[in-house]
Chemist: 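Handing you this structure, nothing more for now.
Letters A, B, ... mirror the listed sequences (proteins, then strands); counts begin at 1. All of these numbers come straight from a predicted model, not from anything done at the bench.
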Protein chains: 2
Amino acid sequence: MNKLTGDVKGRRVAMVCGVPMDVENCPVRDVMDNIGGKWNSLMILSLADGALRFSELRRLIPDISQRMLTQTLRDLQRDGYISRTVFPTQPPSVEYALTDLGRSLLGLLKHFVDWSVANHGAIRSARGVYDAAS
Amino acid sequence: MNKLTGDVKGRRVAMVCGVPMDVENCPVRDVMDNIGGKWNSLMILSLADGALRFSELRRLIPDISQRMLTQTLRDLQRDGYISRTVFPTQPPSVEYALTDLGRSLLGLLKHFVDWSVANHGAIRSARGVYDAAS
DNA sequence: AGTTGATGGTCTCTTTTTGAGACTTGCTCT
DNA sequence: AGAGCAAGTCTCAAAAAGAGACCATCAACT
């Protein structure tokens, strides 16, 4: 059985699968914050088949506000998942594409998509049971 | 090349990896909402080694508020990832454990943990580059 | 017999995040 | 001249998250 807590710099923190779930220094939380955000993973999946422009993404995901689209793209760019290239056309066009890191994450996300499709029914029915009981 | 949009019940929606990213009927969004939440995946990982009680979870993850702990557990229970068992002790104790569905998701999450640890450095450095430039 | 601590929560209040939608600047098309 | 597109920004309202007090019940100390 795994140890569930450990000491990091004197503070007692949760250990999960051998990784400290420390608030400040946790790789998993760093990644989860990105794939976890409401739009982040959807964005990476949307860029799976190639680069897209701002307005193409907006049309592709109609229920995202422009504000969140901008912010999501910035966040993903900051963490190195996507690149942003401005072309000096008139008006300037901006293209977003996955980086190597982004494509690497995409590999994981695809497993998620498969899992989701396979288990969607189970989740829906669990939800139904729970809602009926309460 | 994959088609990026398709029609679902007359509405035009994004298609990603062959799955409609439709707002109302999207398996991926349903799952992402759960693993995506700030605490959800951490909770499932915390239960990886066996059942835990409410207060054990609270101690294990010191930076979660009781309010969010309750809510996260309810959400995960509702979707069938964890079970909640009340023991008639005095005072009553409550045990949370992964269901089969939860353990199945755990399998995926572990790949995430591995990926996170492996790529944490790249993310941190991308972030540093971005922050220095802006 | 009174205080303390544990149990598993709920309630309220404040702060942070998100969403909806108007507005911008420069250029092209009609 | 008027409309529309490019890639956003700005403001304000709504929703979600966090902090922390509070609850009832029981056991163990003092």
Chemist: Heavy-atom contacts under 4.0 Å between residues 74-88 of chain A and DNA chain C, which residues?
Modeler: none

Chemist: State which residues pass side chain to side chain donor-acceptor pair (under 3.5 Å) with A:S134; sequence neighbours excluded, sorted by chain then number.
Modeler: none

Chemist: Going by salt bridge (charged side-chain N to carboxylate O under 4.0 Å, His left out), name the pairs with one or both residues in residues 71-83 of chain A, residues two or more places apart or in two chains.
Modeler: A:R78-B:D131, A:D79-B:R127

Chemist: Give me the first and last nucleotide of DNA chain D, going 5' to 3', that has any atom under 4.0 Å from a heavy atom of chain B.
Modeler: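 Contacts span D:dA17 to D:dC26, reading 5' to 3'.
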
Chemist: What I'd like to find out is whether the side chain of A:F54 reaches to under 4.5 Å of the side chain of A:L73, using heavy atoms alone.
Modeler: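 They are in contact (side-chain heavy atoms under 4.5 Å apart), so the answer is yes.
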
Chemist: Could you check B:N119, B:V117, B:I123 and say which one makes a side chain to side chain contact (heavy atoms under 4.5 Å, CB included) with A:V31?
Modeler: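 Single pass found, and it is B:I123.
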
Chemist: Under 4.0 Å, counting only non-hydrogen atoms across every strand here, what does A:S93 touch: a base, just sugar-phosphate, or nothing?
Modeler: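 Sugar-phosphate contact only - A:S93 comes under 4.0 Å of backbone atoms but never of a base.
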
Chemist: Determine to 10° how strongly the helix from C:dA1-D:dT30 to C:dT30-D:dA1 is bent, judged from the axes of its five-pair ends.
Modeler: 10°

Chemist: Can you list everything that forms a side-chain contact (heavy atoms from CB on, under 4.5 Å) with B:P88? Sequence neighbours excluded, please.
Modeler: none

Chemist: For residues A:N34 and A:L105, determine if any side-chain heavy atom of one lies less than 4.5 Å from a side-chain heavy atom of the other.
Modeler: no

Chemist: Mind checking what makes side chain to side chain donor-acceptor pair (under 3.5 Å) contact with A:T85, not counting sequence neighbours?
Modeler: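 A:T85: no side chain to side chain donor-acceptor pair (under 3.5 Å) contacts found.
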
Chemist: With the side chain counted from C-beta on, respond yes when A:L108 and B:L108 share a heavy-atom pair under 4.5 Å apart, and no when they do not.
Modeler: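 Of all side-chain heavy-atom pairs linking B:L108 with A:L108, none is under 4.5 Å.
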
Chemist: Can you list everything that forms a side chain to side chain donor-acceptor pair (under 3.5 Å) with A:T70? Sequence neighbours excluded, please.
Modeler: none

Chemist: Partners of B:F112 by ring pair (Phe, Tyr, Trp, His ring centres under 6.0 Å), sequence neighbours excluded?
Modeler: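 Residues passing ring pair (Phe, Tyr, Trp, His ring centres under 6.0 Å) with B:F112: A:F112.
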
Chemist: Base, sugar-phosphate or nothing for B:S55? Non-hydrogen atoms, less than 4.0 Å.
Modeler: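 Sugar-phosphate only.
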
Chemist: So do B:I35 and A:I35 actually touch side chain to side chain, heavy atoms under 4.5 Å?
Modeler: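 Yes, at least one pair of side-chain atoms sits under 4.5 Å.
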
Chemist: What residues form a side chain to side chain donor-acceptor pair (under 3.5 Å) with A:R84, not counting sequence neighbours?
Modeler: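 If we apply the side chain to side chain donor-acceptor pair (under 3.5 Å) test to A:R84, skipping adjacent residues, the hits are A:Y96.
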
Chemist: Quickly work out the B:L73 CG to C:dG9 P distance and round it to whole Å.
Modeler: 8 Å

Chemist: Could you write nucleotides 11-30 of chain C as a row of B, S and -, 5' to 3', where a protein heavy atom under 4.0 Å of any base atom gives B, of only sugar-phosphate atoms gives S, and otherwise -?
Modeler: BB-----BBB------S---

Chemist: Name all pairs fulfilling the side-chain hydrogen bond (donor to acceptor under 3.5 Å, both in side chains) condition that reach into residues 35-44 of chain A, sequence neighbours left out, sorted by first residue then second.
Modeler: none

